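A quick note: this is a predicted structure, and the numbers were derived from the prediction, not measured.
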Amino acid sequence: MYEQEVIKPYNQEAEKANQVEQMFDNIAPTYDKLNHRLSWDIDKGWRRKAIRQLQPFAPKTLLDIATGTGDFAILAAKMLKPEKLIGADISEGMMEIGRQKVKAEGLDSIVSFEKEDCLNLSYADGTFDAVTAAFGIRNFADLDKGLKEMQRVLKPGGHLSIVELTTPVSFPMKQLFRIYSHTVLPVYGRLISKDTSAYGYLTKTIEAFPQGERMMEILKKAGFAEASFKRLTFGICTMYFATK
(Lines give C-alpha, C1' and ligand atoms only; values in the text may rest on other atoms or scores of the structure.)
Protein backbone atom coordinates (compact mmCIF):
# COMPACT_ATOMS: atom_id res chain seq x y z
CA MET A 1 0.00 0.00 0.00
CA TYR A 2 1.17 3.49 -0.85
CA GLU A 3 2.16 5.38 2.31
CA GLN A 4 0.72 8.78 1.55
CA GLU A 5 1.95 12.01 3.10
CA VAL A 6 -1.12 13.90 4.28
CA ILE A 7 -0.85 17.50 3.08
CA LYS A 8 -3.69 19.88 3.93
CA PRO A 9 -4.39 23.36 2.55
CA TYR A 10 -5.05 25.26 5.78
CA ASN A 11 -4.41 23.36 9.01
CA GLN A 12 -3.80 19.88 10.38
CA GLU A 13 -6.94 19.71 12.49
CA ALA A 14 -9.86 19.59 10.03
CA GLU A 15 -10.49 16.74 7.57
CA LYS A 16 -8.51 17.08 4.34
CA ALA A 17 -11.56 16.58 2.11
CA ASN A 18 -13.39 19.44 3.79
CA GLN A 19 -10.38 21.73 3.44
CA VAL A 20 -9.86 20.84 -0.23
CA GLU A 21 -13.54 21.55 -0.92
CA GLN A 22 -13.26 24.93 0.82
CA MET A 23 -10.04 25.80 -1.00
CA PHE A 24 -11.41 25.07 -4.47
CA ASP A 25 -14.63 26.93 -3.71
CA ASN A 26 -12.45 29.91 -2.72
CA ILE A 27 -10.29 29.92 -5.84
CA ALA A 28 -12.99 28.85 -8.34
CA PRO A 29 -13.55 32.34 -9.86
CA THR A 30 -9.88 32.73 -10.81
CA TYR A 31 -8.90 29.08 -11.26
CA ASP A 32 -9.06 28.88 -15.07
CA LYS A 33 -7.16 32.12 -15.65
CA LEU A 34 -4.44 31.16 -13.21
CA ASN A 35 -4.04 27.62 -14.57
CA HIS A 36 -3.58 28.81 -18.12
CA ARG A 37 -1.26 31.69 -17.23
CA LEU A 38 0.91 29.70 -14.85
CA SER A 39 1.40 26.96 -17.44
CA TRP A 40 1.68 29.38 -20.40
CA ASP A 41 -1.37 27.56 -21.84
CA ILE A 42 0.66 24.34 -22.18
CA ASP A 43 -1.94 22.61 -19.98
CA LYS A 44 -4.38 22.70 -22.92
CA GLY A 45 -2.03 20.57 -25.00
CA TRP A 46 -1.52 18.13 -22.13
CA ARG A 47 -5.27 17.59 -21.91
CA ARG A 48 -5.51 16.90 -25.64
CA LYS A 49 -2.76 14.29 -25.46
CA ALA A 50 -4.49 12.55 -22.54
CA ILE A 51 -7.80 12.43 -24.43
CA ARG A 52 -6.11 11.10 -27.58
CA GLN A 53 -5.11 8.03 -25.55
CA LEU A 54 -8.83 7.13 -25.49
CA GLN A 55 -9.73 7.87 -29.11
CA PRO A 56 -8.96 4.37 -30.50
CA PHE A 57 -11.51 2.90 -28.07
CA ALA A 58 -14.39 5.33 -28.80
CA PRO A 59 -15.85 5.29 -25.26
CA LYS A 60 -19.57 6.11 -25.07
CA THR A 61 -19.87 6.69 -21.31
CA LEU A 62 -17.22 8.69 -19.44
CA LEU A 63 -16.59 9.82 -15.89
CA ASP A 64 -14.25 12.77 -15.35
CA ILE A 65 -12.99 12.63 -11.76
CA ALA A 66 -12.04 15.85 -9.94
CA THR A 67 -13.50 17.67 -12.94
CA GLY A 68 -13.14 21.16 -11.46
CA THR A 69 -14.47 23.76 -13.90
CA GLY A 70 -14.90 21.14 -16.61
CA ASP A 71 -12.09 21.99 -19.05
CA PHE A 72 -11.14 18.33 -19.50
CA ALA A 73 -14.78 17.21 -19.69
CA ILE A 74 -15.62 19.79 -22.37
CA LEU A 75 -12.58 18.88 -24.47
CA ALA A 76 -13.30 15.15 -24.07
CA ALA A 77 -16.90 15.70 -25.19
CA LYS A 78 -15.70 17.51 -28.31
CA MET A 79 -12.92 15.07 -29.20
CA LEU A 80 -14.51 11.74 -28.22
CA LYS A 81 -18.18 12.54 -28.91
CA PRO A 82 -19.54 10.25 -26.18
CA GLU A 83 -23.22 9.67 -25.49
CA LYS A 84 -22.83 10.69 -21.84
CA LEU A 85 -20.10 12.33 -19.77
CA ILE A 86 -20.33 13.03 -16.04
CA GLY A 87 -17.96 15.45 -14.35
CA ALA A 88 -17.60 14.58 -10.66
CA ASP A 89 -16.08 16.86 -8.05
CA ILE A 90 -16.27 17.78 -4.39
CA SER A 91 -16.45 21.53 -5.07
CA GLU A 92 -19.81 22.98 -6.08
CA GLY A 93 -18.12 26.34 -6.69
CA MET A 94 -15.89 24.85 -9.38
CA MET A 95 -18.67 22.80 -10.97
CA GLU A 96 -21.03 25.77 -11.17
CA ILE A 97 -18.50 27.52 -13.40
CA GLY A 98 -18.24 24.28 -15.37
CA ARG A 99 -22.00 24.18 -15.88
CA GLN A 100 -21.95 27.69 -17.30
CA LYS A 101 -19.12 26.79 -19.68
CA VAL A 102 -20.85 23.59 -20.83
CA LYS A 103 -24.07 25.48 -21.52
CA ALA A 104 -22.19 28.13 -23.50
CA GLU A 105 -20.61 25.37 -25.60
CA GLY A 106 -24.02 23.75 -26.25
CA LEU A 107 -22.90 20.50 -24.62
CA ASP A 108 -25.36 20.35 -21.72
CA SER A 109 -27.26 17.44 -23.32
CA ILE A 110 -24.07 15.34 -23.06
CA VAL A 111 -22.06 16.74 -20.13
CA SER A 112 -23.46 16.94 -16.60
CA PHE A 113 -21.87 17.62 -13.20
CA GLU A 114 -22.43 15.77 -9.95
CA LYS A 115 -21.03 16.35 -6.48
CA GLU A 116 -19.24 13.16 -5.47
CA ASP A 117 -16.84 11.92 -2.86
CA CYS A 118 -14.17 10.52 -5.17
CA LEU A 119 -13.14 8.02 -2.50
CA ASN A 120 -16.67 6.63 -2.26
CA LEU A 121 -18.38 7.04 -5.63
CA SER A 122 -22.14 6.49 -5.82
CA TYR A 123 -22.02 4.71 -9.19
CA ALA A 124 -22.50 0.97 -9.64
CA ASP A 125 -19.67 -1.37 -10.57
CA GLY A 126 -18.83 -1.36 -14.28
CA THR A 127 -20.78 1.78 -15.19
CA PHE A 128 -18.32 3.62 -17.48
CA ASP A 129 -16.32 2.83 -20.61
CA ALA A 130 -13.60 5.26 -19.53
CA VAL A 131 -12.57 7.31 -16.52
CA THR A 132 -10.42 10.42 -16.78
CA ALA A 133 -8.69 12.73 -14.33
CA ALA A 134 -6.71 15.91 -15.02
CA PHE A 135 -4.64 17.59 -12.31
CA GLY A 136 -6.89 16.38 -9.49
CA ILE A 137 -5.99 13.02 -8.03
CA ARG A 138 -3.00 14.39 -6.12
CA ASN A 139 -5.59 16.08 -3.87
CA PHE A 140 -7.11 12.74 -2.81
CA ALA A 141 -6.88 12.12 0.92
CA ASP A 142 -6.31 8.42 0.09
CA LEU A 143 -4.85 7.76 -3.37
CA ASP A 144 -5.15 3.96 -3.12
CA LYS A 145 -8.84 4.16 -2.28
CA GLY A 146 -9.53 6.74 -4.99
CA LEU A 147 -7.86 4.63 -7.69
CA LYS A 148 -9.71 1.50 -6.56
CA GLU A 149 -12.99 3.39 -6.89
CA MET A 150 -12.04 4.51 -10.39
CA GLN A 151 -11.22 0.91 -11.27
CA ARG A 152 -14.47 -0.35 -9.73
CA VAL A 153 -16.78 1.88 -11.79
CA LEU A 154 -15.02 0.98 -15.05
CA LYS A 155 -16.44 -1.72 -17.28
CA PRO A 156 -14.18 -4.78 -17.80
CA GLY A 157 -11.65 -3.77 -20.43
CA GLY A 158 -12.38 -0.08 -19.76
CA HIS A 159 -9.64 2.52 -19.71
CA LEU A 160 -8.29 5.13 -17.32
CA SER A 161 -6.51 8.24 -18.64
CA ILE A 162 -4.80 10.52 -16.14
CA VAL A 163 -2.74 13.65 -16.65
CA GLU A 164 -1.03 15.04 -13.57
CA LEU A 165 1.60 17.60 -12.67
CA THR A 166 4.89 16.05 -11.59
CA THR A 167 8.40 17.11 -10.67
CA PRO A 168 11.04 16.88 -13.44
CA VAL A 169 13.77 14.35 -12.71
CA SER A 170 16.62 15.69 -14.89
CA PHE A 171 18.94 18.71 -14.73
CA PRO A 172 18.31 21.58 -15.36
CA MET A 173 14.50 21.35 -15.45
CA LYS A 174 14.37 19.79 -11.99
CA GLN A 175 16.13 22.80 -10.47
CA LEU A 176 14.27 25.39 -12.60
CA PHE A 177 10.89 23.88 -11.78
CA ARG A 178 11.65 23.92 -8.08
CA ILE A 179 12.51 27.63 -8.21
CA TYR A 180 9.39 28.40 -10.27
CA SER A 181 7.02 26.32 -8.13
CA HIS A 182 8.32 27.77 -4.85
CA THR A 183 8.43 31.43 -5.89
CA VAL A 184 6.43 32.46 -8.96
CA LEU A 185 3.54 30.00 -8.59
CA PRO A 186 2.54 30.66 -4.94
CA VAL A 187 3.17 34.43 -5.10
CA TYR A 188 1.26 34.97 -8.34
CA GLY A 189 -1.46 32.58 -7.19
CA ARG A 190 -1.84 34.50 -3.94
CA LEU A 191 -2.11 37.83 -5.75
CA ILE A 192 -4.75 36.69 -8.23
CA SER A 193 -6.81 34.24 -6.16
CA LYS A 194 -6.55 36.11 -2.82
CA ASP A 195 -6.15 32.73 -1.09
CA THR A 196 -2.86 32.90 0.81
CA SER A 197 -2.55 29.11 1.23
CA ALA A 198 -3.95 27.49 -1.91
CA TYR A 199 -1.03 27.68 -4.34
CA GLY A 200 1.57 26.90 -1.69
CA TYR A 201 -0.46 23.79 -0.89
CA LEU A 202 -0.70 22.83 -4.56
CA THR A 203 3.08 23.05 -4.91
CA LYS A 204 3.54 20.69 -1.96
CA THR A 205 1.11 18.16 -3.44
CA ILE A 206 3.06 18.07 -6.71
CA GLU A 207 6.29 17.29 -4.87
CA ALA A 208 4.70 14.64 -2.65
CA PHE A 209 2.78 12.84 -5.39
CA PRO A 210 4.19 9.49 -6.61
CA GLN A 211 5.21 9.46 -10.24
CA GLY A 212 6.56 7.29 -13.04
CA GLU A 213 7.33 3.70 -12.14
CA ARG A 214 6.03 4.17 -8.58
CA MET A 215 2.66 5.25 -9.91
CA MET A 216 2.59 2.18 -12.17
CA GLU A 217 2.91 -0.05 -9.12
CA ILE A 218 0.08 1.80 -7.35
CA LEU A 219 -2.23 1.51 -10.37
CA LYS A 220 -1.62 -2.24 -10.64
CA LYS A 221 -2.25 -2.71 -6.92
CA ALA A 222 -5.53 -0.85 -7.41
CA GLY A 223 -6.59 -3.63 -9.79
CA PHE A 224 -5.60 -2.40 -13.24
CA ALA A 225 -4.29 -5.15 -15.51
CA GLU A 226 -2.07 -2.86 -17.59
CA ALA A 227 -0.52 0.53 -16.94
CA SER A 228 1.91 2.84 -18.73
CA PHE A 229 3.16 6.41 -18.46
CA LYS A 230 4.73 9.13 -20.55
CA ARG A 231 6.45 12.28 -19.30
CA LEU A 232 5.57 15.53 -21.08
CA THR A 233 7.36 18.90 -21.31
CA PHE A 234 10.60 17.76 -19.63
CA GLY A 235 8.68 15.95 -16.87
CA ILE A 236 6.56 18.87 -15.63
CA CYS A 237 3.52 16.74 -16.45
CA THR A 238 3.00 12.99 -16.76
CA MET A 239 0.29 11.02 -18.60
CA TYR A 240 -0.86 7.67 -17.25
CA PHE A 241 -2.94 5.10 -19.10
CA ALA A 242 -4.39 1.97 -17.53
CA THR A 243 -6.76 -0.82 -18.53
CA LYS A 244 -9.12 -2.74 -16.23
Same cluster or not: Ile27 versus Ile97, using hydrophobic residues (I, L, V, M, F, W, Y) connected whenever any side-chain heavy atoms lie under 4.5 Å apart? no
Full working for salt bridge (charged side-chain N to carboxylate O under 4.0 Å, His left out) between Lys101 and Asp71: CA-CA 9 Å; Lys101 288 159 62 175; Asp71 274 0; 2.5 Å; yes
Any side-chain donor near an acceptor of the partner, Thr127 and Lys155, under 3.5 Å: no
Any side-chain heavy atom of Leu80 within less than 4.5 Å of one from Gln55? yes
Is a salt bridge present between Lys148 and Asp144, judged by a nitrogen-to-oxygen distance below 4.0 Å? no
Please check this pair: side chain of Ser161 against backbone of Ala50, looking for a donor-acceptor N/O pair closer than 3.5 Å. yes
Would you check if the side chain of Ser91 reaches a backbone N or O of Met94 as a donor-acceptor pair within less than 3.5 Å? yes
Is there a side chain to side chain contact (heavy atoms under 4.5 Å, CB included) between Val111 and Ile74? Walk through the geometry before answering. CA-CA 7 Å; Val111 181; Ile74 290 168; 5.6 Å; no
Any donor-acceptor pair under 3.5 Å linking the side chain of Thr238 with the backbone of Lys230? no
Between Glu217 and Arg214, does at least one N-O distance fall below 4.0 Å, as a salt bridge requires? yes
Nearest non-hydrogen partners of Phe135 and Cys237, listed with the distance: CE2-SG, 4.1 Å
Could you check whether any side-chain N or O of Asp129 sits under 3.5 Å from a backbone N or O of Lys60, counting only pairs where one atom can act as donor and the other as acceptor? yes
Evaluate the side-chain proximity of Val131 to Val153: yes if any heavy-atom separation is below 4.5 Å, no if none is. yes
Exam field: side chain Arg152 to backbone Leu121, donor-acceptor pair closer than 3.5 Å: yes
With rounding to the nearest 0.5 angstrom, report the CH2 to CD1 distance, Trp46 to Ile51. 14.5 Å
Return the CG to CD1 distance between Leu147 and Ile65, rounded to the nearest 0.5 Å. 10.0 Å
To the nearest 0.5 Å, atom NE2 of His159 lies from atom CD of Glu226 at 8.5 Å
Closest non-hydrogen contact found for Met95 with Glu114 is SD-O, 3.6 Å
When you compare the side chain of Thr167 with that of Ile206, does any pair of heavy atoms fall below 4.5 Å? yes
Exercise: identify the closest heavy-atom pair between Ala76 and Leu62: CB-CD2, 4.5 Å
Taking atom CZ of Phe140 and atom NZ of Lys16, what is their separation to the nearest 0.5 Å? 10.0 Å
Looking at Pro168, is its backbone amide N or carbonyl O close enough to the side chain of Lys174 to form a donor-acceptor pair, meaning the two atoms are under 3.5 Å apart? no
Between Thr61 and Glu83, is any side-chain donor less than 3.5 angstrom from a side-chain acceptor? no
Salt bridge check, Glu92 against Arg99: does any charged N sit closer than 4.0 Å to a carboxylate O? yes
Tell me if the aromatic rings of Phe128 and Tyr123 count as close, with their centers under 6.0 Å from one another. yes
Verify the distance criterion only: is there a donor paired with an acceptor across the side chains of Thr132 and Asp64 at less than 3.5 Å? yes
Look at the side chain of Lys115 and the backbone N and O of Ala88, then say whether any donor-acceptor pair between them is shorter than 3.5 Å. no
Which heavy atom in Arg47 sits nearest to a heavy atom in Asp43, and how many Å separate them? NH1-OD2, 2.6 Å
Output for pair (Met239 CE, Gln53 CD), nearest 0.5 Å, gives 4.0 Å
Short side-chain to backbone donor-acceptor contact, Gln211 and Thr166, under 3.5 Å: no
Keeping the roles fixed (side chain from Asp89, backbone from Gly68), state whether a donor-acceptor pair exists under 3.5 Å. yes
Is there a donor-acceptor pair closer than 3.5 Å between any side-chain N or O of Glu116 and the backbone N or O of Ile90? no
Spatial distance of atom CZ (Phe72) from atom CD1 (Ile162) [nearest 0.5 Å]: 10.0 Å
Indicate whether any N or O donor in one side chain lies under 3.5 Å from an N or O acceptor in the other, for Thr205 and Arg138. yes
Does one hydrophobic cluster hold both Val169 and Phe234, with members joined at side-chain heavy-atom distances below 4.5 Å? no
Which heavy atom in Thr67 sits nearest to a heavy atom in Gly87, and how many Å separate them? CG2-C, 3.5 Å
For Leu119 against Ala141, the heavy-atom pair lying closest together: CD1-CB, 4.2 Å
Applying salt bridge (charged side-chain N to carboxylate O under 4.0 Å, His left out) to Glu207 and Arg178, what does each step give before you reach the verdict? CA-CA 9 Å; Glu207 294 176 341; Arg178 180 172 177 79; 3.3 Å; yes
